[in-house]
Participant: 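Below is one structure. I have some questions about it.
Values reported hereafter were calculated over all heavy atoms of this structure, with side chains retained and with hydrogens, waters and symmetry mates removed.
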Amino acid sequence: MAILGPTGIGPLRDDVAEARVLGLVAVRAGTAVDWLNAACGDEARSAILAHPAFPRAVAQLVGQISALYSGNRLLNRVLSDRGRNMFGLMVLYLDALPPAEGGGLTAARIVALCTSTGLCSRGRAKAMLALMRWGGYLTSAEPAEDRRVKPLMPQEKLVALQHQRWRLVFDAGSAFDPELARLAPRLADPAFTRVLAVTLGEAFLSGFRPVSAAPELLDLVDRDGGLMVLLALFTAESAREEPPSIANLSRRFHLSRAHVLDLLRLSEERGLVERGARGTGCLSPLGRDAVERFFSSIFAVMSGAARVAEARLLSA
């Protein structure tokens, strides 16, 4: 697993926070490598892909994610779909990580974490924090002893949204992974979900990205609605329905028709979508395979992280 090094970090008001974040990136990345190699290696993902229940599980998860998605033009201008999801995870990660290990949620720490991992720039991180506060996802916490530190606290709205996404993976993956089925009830335990947030955060800090299993999707997952458009085609095909129209995709994901068309053209150039003279077209065999490989990686990391989180909780 590649470890992403610091990129373009400038001075922060909280210099101690910056140093701690940069230190924990290296430490946490090393912590996750062993369990990631076991849980998310080629052999583990191949076993998931070969399981008879996997096609039904991935179709279920893709459909639920599409239904859950709530595009927002303002948010889209700040971060991509993937970036927003990972930003939320990083917020919960810092909130759950003990202060002695560099944790504690502050604006300075989340900005340093985002820039050090390449998730987004300082400006975009600050804009996301402002939007999350405005939207009721974040609020100020009790002042710290050091008055220079301005702690933040995730609101239940953010916690519930992140947990809902995890629950979808657990529920769908339970069809082929006995461990996800066994550990699914643990999501009701706040102690478990806090450790799970730290464990998944470690995976991200190590350089783990689900898209590494499907490099054909690389540019698309970082564009507004790029993955969602492919998932809509995947869902329609799985349900044996007609592909959604360009106008439908535009309305559903709050994208302009020109942007949807551009995504489809890029997907066609990559061999992911087969299009005729008009309309959206359908996923190619390569496109469907890439989506399945992407989600096999998501199932794998969630299963591995959940097992590690349970072990850590029991040994605490």
Participant: Report the distance from atom CZ of Arg223 to atom OG of Ser267, rounding to the nearest 0.5 Å.
Facilitator: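 If I round to the nearest 0.5 Å, the distance is 9.0 Å.
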Participant: Look up atom CD in Glu269 and atom CG in Asp219, then write down how far apart they are to the nearest 0.5 Å.
Facilitator: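 Interatomic distance, Glu269 CD to Asp219 CG, rounded to 0.5 Å: 10.5 Å.
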Participant: Among all residues two or more places apart in sequence or in another chain, which pass the side chain to side chain contact (heavy atoms under 4.5 Å, CB included) test with Leu313?
Facilitator: Arg186, Asp189, Ala191, Phe192, Val195
Participant: What closest approach, in Å, do Thr106 and Arg109 show between heavy atoms, and which atom pair accounts for it?
Facilitator: OG1-N, 3.1 Å
Participant: Check the pair Leu94 / Leu113 against side-chain contact (heavy atoms from CB on, under 4.5 Å), numbers first and verdict last.
Facilitator: CA-CA 9 Å; Leu94 278 176; Leu113 190 58; 3.9 Å; yes
Participant: Given the rule in the salt bridge (Lys or Arg N to Asp or Glu O under 4.0 Å) test, do Glu268 and Arg265 qualify, once you have shown the distances and angles that lead to the verdict?
Facilitator: CA-CA 5 Å; Glu268 186 178 23; Arg265 286 170 178 159; over 6 Å; no
Participant: Check side chain to side chain donor-acceptor pair (under 3.5 Å) between Gln64 and all other residues, then give those that pass, not counting sequence neighbours.
Facilitator: none
Participant: Does the side chain of Cys120 come within less than 4.5 Å of Met128's, by heavy atoms?
Facilitator: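 When only atoms from C-beta onward are counted, Cys120 and Met128 do not touch, as no gap falls below 4.5 Å.
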Participant: What heavy-atom pair brings Ala232 and Ser66 nearest, and what distance separates the two atoms?
Facilitator: N-OG, 4.4 Å
Participant: Using side chain to side chain donor-acceptor pair (under 3.5 Å) as the criterion, list what pairs up with Ser303, not counting sequence neighbours.
Facilitator: Asp177, Arg307
Participant: Mind listing the closest non-hydrogen atom pair of Glu274 and Pro285 along with its distance?
Facilitator: OE2-CD, 3.7 Å
Participant: If only atom types and distance count, is the side chain of Thr280 paired as donor or acceptor with the main-chain N or O of Ile246 below 3.5 Å?
Facilitator: no
Participant: To check you understand the geometry: which heavy-atom pair defines the closest contact between Phe295 and Leu61, and what is its length?
Facilitator: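 Looking at all heavy atoms of both residues, the shortest contact is CD2-CD2, 3.6 Å.
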Participant: Go through the steps for Asp289 and Leu283 under the test side-chain contact (heavy atoms from CB on, under 4.5 Å), then give the verdict.
Facilitator: CA-CA 9 Å; Asp289 181 62; Leu283 284 184; over 6 Å; no
Participant: Got a sec: does the CZ of Arg56 have more than 12 other heavy atoms crowding it under 6.0 Å?
Facilitator: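 12 or below, so no.
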Participant: With a 4.5 Å heavy-atom cut-off, do Val198 and Leu92 have their side chains touching?
Facilitator: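 No; the side chains remain at least 4.5 Å from each other.
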Participant: Between Met302 and Leu200, is any pair of side-chain heavy atoms under 4.5 Å apart?
Facilitator: yes
Participant: Give the ring-plane orientation class for Phe176 versus His51, where under 30° counts as parallel, over 60° as perpendicular and anything between as tilted.
Facilitator: tilted
Participant: Start with the C-alpha gap between Trp166 and Leu89, add the side-chain angles, then the distance that decides, and say whether side-chain contact (heavy atoms from CB on, under 4.5 Å) holds.
Facilitator: CA-CA 11 Å; Trp166 293 346; Leu89 173 61; 4.0 Å; yes
Participant: Apply side-chain contact (heavy atoms from CB on, under 4.5 Å) to residues Leu220 and Val229 and explain how you reach the verdict.
Facilitator: CA-CA 10 Å; Leu220 285 163; Val229 166; over 6 Å; no
Participant: So, taking the atom named CD in Glu310 and the one named CG in Leu183, what distance separates them when rounded to the nearest 0.5 Å?
Facilitator: 5.0 Å
Participant: For the backbone of Leu255 and the side chain of Ser250, can you confirm whether one donor and one acceptor N or O come within less than 3.5 Å of each other?
Facilitator: yes
Participant: Within the side chain of Ser174, is there an N or O that forms a donor-acceptor pair under 3.5 Å with the backbone of Phe170?
Facilitator: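 Yes, Ser174 side chain to Phe170 backbone: donor-acceptor pair under 3.5 Å.
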Participant: With a 4.5 Å heavy-atom cut-off, do Leu227 and Leu231 have their side chains touching?
Facilitator: yes
Participant: How long is the straight-line distance from CZ of Phe87 back to CG of Leu158, given to the nearest 0.5 Å?
Facilitator: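 Rounded to the nearest 0.5 Å, the CG-CZ separation comes to 9.5 Å.
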Participant: Side chains of Thr117 and Met90: does their closest heavy-atom pair fall under 4.5 Å?
Facilitator: no
Participant: For Asp171, which residues count as a side chain to side chain donor-acceptor pair (under 3.5 Å) partner, sequence neighbours excluded?
Facilitator: none
Participant: Apply salt bridge (Lys or Arg N to Asp or Glu O under 4.0 Å) to Arg288 and list each qualifying residue two or more places apart in sequence or on a separate chain.
Facilitator: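 For Arg288 the salt bridge (Lys or Arg N to Asp or Glu O under 4.0 Å) partners, ignoring immediate neighbours, are Glu237, Glu292.
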Participant: Between Ser284 (side chain only) and Gly271 (backbone N and O only), is there a donor and an acceptor less than 3.5 Å apart?
Facilitator: yes
Participant: Between Met228 and Phe253, is there a side-chain heavy-atom distance shorter than 4.5 Å?
Facilitator: yes
Participant: Distance-only, no hydrogens or angles: does the Ser315 side chain make a donor-acceptor pair with backbone N or O of Arg312 under 3.5 Å?
Facilitator: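 Pair found, side chain donor or acceptor close to backbone of Arg312.
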Participant: Side chains of Leu131 and Tyr137: does their closest heavy-atom pair fall under 4.5 Å?
Facilitator: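 Leu131 vs Tyr137: side chains apart.
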Participant: What closest approach, in Å, do Leu263 and Asp224 show between heavy atoms, and which atom pair accounts for it?
Facilitator: CD1-O, 3.5 Å
Participant: Anything under 3.5 Å between a donor and an acceptor, one on a side chain of residues 210-218, the other on a protein residue two or more places apart or in another chain? List them.
Facilitator:
{"residue": "Ser212", "atom": "OG", "partner": "Arg209", "partner atom": "O", "Å": "3.2"}
{"residue": "Glu216", "atom": "OE1", "partner": "Arg293", "partner atom": "NH1", "Å": "3.2"}
{"residue": "Glu216", "atom": "OE1", "partner": "Arg293", "partner atom": "NH2", "Å": "3.3"}
{"residue": "Glu216", "atom": "OE2", "partner": "Arg293", "partner atom": "NH2", "Å": "2.9"}

Participant: Can you see which heavy atom on Ser140 is nearest to which on Leu152, and at what distance?
Facilitator: CA-CD2, 4.3 Å
Participant: Take atom CZ in Arg257; do more than 12 heavy atoms of anything else shown fall under 6.0 Å from it?
Facilitator: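 It does not: Arg257 CZ has 12 such atoms or fewer within range.
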Participant: For the CD1 atom of Ile48 and the CZ atom of Phe299, what is their distance to the nearest 0.5 Å?
Facilitator: 8.0 Å
Participant: Taking C-beta and beyond as the side chain, do Tyr93 and Leu105 meet within less than 4.5 Å on heavy atoms?
Facilitator: no
Participant: When rounded to the nearest 0.5 angstrom, what distance separates CZ in Arg122 from NZ in Lys126?
Facilitator: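 Reported to 0.5 Å precision, the distance equals 4.5 Å.
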